[in-house]
Amino acid sequence: MAEPVAPRARNLVHADPQDVTLQDALNALADPVRRSILRECAGEPDFSRACGTFDLPVSKATASHHFAVLRAAGLLEQVDKGARRLNRLRQPEFEARFPGLLALVLTEGTPPAGGRRPFEDRP
């Protein structure tokens, strides 16, 4: 029998994106490891990806710190299911607070339409 997923883990603090300042959001998004976590979460169903399944180029302790920063910035919601901590990207909530900001992060590295970046030198 599958364990039910609790609505929120008791020992985790989740920021409401409405309470997050632009500076805090930008600080959370500044790190490339955190941006990669968000991009991977965006491609997965809610609460289907455990923290330990991300292939991150950092130690376990540093990875935990990155997840905590994303939670504090209102970008991730996490729940504990047994020994696993599952993640959900709070895309609709964050998009309502900072329209377009998360979309930039999620499309980072994707070539723009027309093959040029907006600030490339034009011939």
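Quick caveat: nothing in here was measured; it's all calculated off a predicted structure.
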*Asks:* If two hydrophobic side chains count as joined below 4.5 Å and joins carry through other members, does V69 share a cluster with L102?
*Replies:*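 Different clusters.
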*Asks:* Set out, in order, the CA-CA distance, both residues' side-chain angles and the distance that settles side-chain contact (heavy atoms from CB on, under 4.5 Å) for D31 and R35, then state yes or no.
*Replies:* CA-CA 6 Å; D31 189 278; R35 292 193 307 270; 5.6 Å; no
*Asks:* Are V58 and L38 in one and the same hydrophobic cluster, where Ile, Leu, Val, Met, Phe, Trp and Tyr link if side-chain heavy atoms are under 4.5 Å apart?
*Replies:*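 Yes.
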*Asks:* Do D80 and R84 make a side-chain contact, defined as non-hydrogen atoms from C-beta onward lying under 4.5 Å apart?
*Replies:*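 Side chain of D80 against side chain of R84, heavy atoms only: no contact under 4.5 Å found.
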*Asks:* With clusters defined by side-chain heavy atoms of hydrophobic residues (ILVMFWY) lying less than 4.5 Å apart, directly or transitively, does V20 cluster with L12?
*Replies:*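 Result: no, two separate clusters.
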*Asks:* Under a 4.5 Å cut-off applied to non-hydrogen side-chain atoms, are E44 and C41 in contact?
*Replies:*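 E44 vs C41: side chains apart.
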*Asks:* Under a 3.5 Å cutoff, is there a donor and acceptor pairing between the side chains of R34 and H66?
*Replies:*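 There is such a pair (donor and acceptor under 3.5 Å, judged by atom type) between the side chains of R34 and H66.
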*Asks:* Please identify each residue that fulfils side-chain hydrogen bond (donor to acceptor under 3.5 Å, both in side chains) with E93, with sequence neighbours left out.
*Replies:*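 Residues passing side-chain hydrogen bond (donor to acceptor under 3.5 Å, both in side chains) with E93: R88.
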*Asks:* Which residues satisfy the side chain to side chain contact (heavy atoms under 4.5 Å, CB included) test with R97, sequence neighbours excluded?
*Replies:*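 R97 satisfies side chain to side chain contact (heavy atoms under 4.5 Å, CB included) with P17, Q18 only.
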*Asks:* In Å, rounded to the nearest 0.5 Å, how long is the span from CG of L56 to OG1 of T62?
*Replies:*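 One gets 10.0 Å once the value is rounded to the nearest 0.5 Å.
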*Asks:* Rounded to the nearest 0.5 Å, what's the gap from CG on L76 to CG on L70? Could you check?
*Replies:*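 If I round to the nearest 0.5 Å, the distance is 4.5 Å.
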*Asks:* Which residues pass the side chain to side chain contact (heavy atoms under 4.5 Å, CB included) test with L101, sequence neighbours left out?
*Replies:*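 Result, side chain to side chain contact (heavy atoms under 4.5 Å, CB included) vs L101: L22, A25, L26, L29, F94, F98.
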*Asks:* Under a single-linkage definition using a 4.5 Å side-chain heavy-atom cutoff for Ile, Leu, Val, Met, Phe, Trp and Tyr, are L75 and V79 assigned to the same hydrophobic cluster?
*Replies:*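 No, because L75 and V79 fall into different hydrophobic clusters, even though each may have its own neighbours under 4.5 Å.
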*Asks:* Got a second to check how far N87's CG is from R85's CZ, nearest 0.5 Å?
*Replies:*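 Between atom CG of N87 and atom CZ of R85 there are 9.0 Å.
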*Asks:* Tell me the closest heavy-atom pair linking E77 and H14, and the distance in Å.
*Replies:*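 So the minimum-distance heavy-atom pair works out to CA-CD2, 3.4 Å.
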*Asks:* Sequence neighbours left out, cut at 3.5 Å: what donor-acceptor pairs do the side chains of residues 45-54 make with other protein atoms?
*Replies:*
from : atom 1 : to  : atom 2 : distance (Å)
S48  : OG     : P45 : O      : 2.7
R49  : NE     : T53 : OG1    : 2.7
R49  : NH1    : E40 : OE1    : 3.1
R49  : NH2    : E40 : OE1    : 2.8
R49  : NH2    : T53 : O      : 3.1
T53  : OG1    : A50 : O      : 2.7

*Asks:* Only counting residues at least two apart or in another chain, list the ones meeting salt bridge (charged side-chain N to carboxylate O under 4.0 Å, His left out) with R39.
*Replies:*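 Listed in chain order: E108.
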*Asks:* So which atom in A72 and which in A15 form the shortest heavy-atom distance, rounded to 0.1 Å?
*Replies:*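 Distance-wise, the nearest heavy atoms are O-CB, 3.0 Å.
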*Asks:* For G100, does its backbone N or O pair with a side-chain atom of E95 as donor and acceptor, under 3.5 Å?
*Replies:*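 The answer is yes, because a donor-acceptor pair under 3.5 Å joins these two groups.
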*Asks:* Which residues pass the side chain to side chain contact (heavy atoms under 4.5 Å, CB included) test with S64, not counting sequence neighbours?
*Replies:*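 Per chain and number, S64 pairs via side chain to side chain contact (heavy atoms under 4.5 Å, CB included) with no residue.
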